[in-house]
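Letters A, B, ... are given to chains in the order of the sequence lines, protein chains preceding strands, and every chain is numbered from 1. These numbers were taken from a predicted model, which means no experiment stands behind them. Atoms considered below: every heavy atom in the structure, side chains included; atoms not considered: hydrogens, waters and symmetry mates.
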2 protein chains.
Amino acid sequence: MATTRDQLIEKTCELLEMQGYHATGLNQIIKESETPKGSLYYHFPGGKEELAIEAVSYVGRIVLNRITENLAEIDDPAEAIKMFIRNIAVNVERSGYRAGGPITTIALETASGSDSLRETCHRIYSEWQTAFAEKLSDHPRAESIATLIIASIEGGVILCRTSRSRTPLERVADEVAALIAG
Amino acid sequence: MATTRDQLIEKTCELLEMQGYHATGLNQIIKESETPKGSLYYHFPGGKEELAIEAVSYVGRIVLNRITENLAEIDDPAEAIKMFIRNIAVNVERSGYRAGGPITTIALETASGSDSLRETCHRIYSEWQTAFAEKLSDHPRAESIATLIIASIEGGVILCRTSRSRTPLERVADEVAALIAG
DNA sequence: GTCTATACACTGATAGAC
DNA sequence: GTCTATCAGTGTATAGAC
């Protein structure tokens, strides 16, 4: 029971992750999601920016859940986070290096453009960071390490997609684990 | 003695860093650099893509020199790299969080678009990584740590620009230094 | 709520005079 | 080498019938 609104949001998430904000046109979104343009402006009167905000919020929530669930599966924080990052590396490779980092491109493109999109990305990054910090709550530098984790994952995705190799994220996984273990 | 060609490349570097590839139009480049459009296609017959490749190569070389010079100033690798990253944090703040990471946005936007731009970014990231790895040559995991450094700087810039705070890169600097010192 | 047709600005690119 | 005028295509957004 996918509503028109949901179809638009999901297709927008997919295209934004692969192409970014400015390279993704509304015409492509309505064509690939098979929804008429009139419906888009009915559901999202704010146009492209409002649609992107909803899409980024949606995918941010999904990723937050995945972080929480995956980290809960392994007791040792260093090992849990290492496996989580290695899993991202595999997924980036599986996408043909076309996806990975669902909000990274948007965050950069809109950092000096749309303030509402920038704030949405900032909120999501904060939520992700909190999830990692909670897993590291025994560590004296939990918050600081959580920031490094988010930063190195985002940067690692860039390096993997640019080099068409999963090695960068695998190295990030190993080094982050080494840092946590001390 | 700035030639027309150099003016175009330098202005393109500036705009690509702040806005990204797709948000930067050729009209804006020629207007702000005060060079006519005819000259652009005379110097860069390949159009926007060729101009961007030249711009990315140019700024990549400048940054490589800055990495080499700055790292040579302090003997201890952990301290040298820490200060280098803290310096980036200050520069990002100084730009009003509108600049920083001169090729990051381009690397992401063109990862699934232009193959020649993607390869150019890949080459530059490799050169930067080698510069850090050489400074860490005494460390058994020099290459792996150099990858983490590039990734966490690129990601740290994203977090700083998105949150309008220099804290993320300062934390990255501290954690990377902790990792190197062991 | 859904859909089509269209307005209007702007994009990258080119032609041709100078 | 430089500059202007202009092309064809696409972008976001809107109007109005159904």
Check this for me, if you would: do [X] and [Y] make a salt bridge, where the nitrogen-to-carboxylate-oxygen distance has to be below 4.0 angstrom?
X: A:Arg61; Y: A:Glu127; value: no
X: B:Asp115; Y: A:Arg164; value: yes
X: B:Glu69; Y: B:Arg66; value: no

Dump every N/O contact between nucleotides 13-15 of chain D and the protein below 3.5 Å, one line per pair.
residue: D:dA13; atom: OP2; partner: A:Tyr41; partner atom: OH; Å: 2.9
residue: D:dA13; atom: OP2; partner: A:Lys48; partner atom: N; Å: 3.1
residue: D:dA13; atom: O5'; partner: A:Tyr41; partner atom: OH; Å: 3.2
residue: D:dA13; atom: N6; partner: A:Lys37; partner atom: NZ; Å: 3.0

Give me the other members of the hydrophobic cluster that A:Leu26 sits in, counting Ile, Leu, Val, Met, Phe, Trp and Tyr linked by side-chain heavy atoms under 4.5 Å, directly or via other members. A:Leu8, A:Ile9, A:Leu15, A:Met18, A:Ile29, A:Ile30, A:Leu40, A:Tyr41, A:Phe44, A:Leu51, A:Tyr58, A:Ile62
On a heavy-atom basis, which atom in B:Leu136 and which in B:Ala142 lie closest, and how many Å separate them? O-CB, 3.3 Å
What are the bounds, 5' to 3', of the part of DNA chain C that sits under 4.0 Å from heavy atoms of chain A? C:dG1 to C:dT4
Which whole-number value in Å describes the distance from A:Ile30 CD1 to D:dT12 C1'? 11 Å
Side chains of A:Gln19 and B:Glu109: any donor to acceptor distance under 3.5 Å? no
If you draw the axis of the six-membered ring of B:Tyr21, does the NZ or CZ of B:Lys48 fall within 45° of it and under 6.0 Å from the ring centre? yes
Select base, sugar-phosphate, or nothing to describe what B:Thr4 touches, counting heavy atoms under 4.0 Å on all strands. sugar-phosphate
Working for side chain to side chain donor-acceptor pair (under 3.5 Å), residues B:Asp6 and B:Thr3: CA-CA 5 Å; B:Asp6 291 341; B:Thr3 68; 3.2 Å; yes
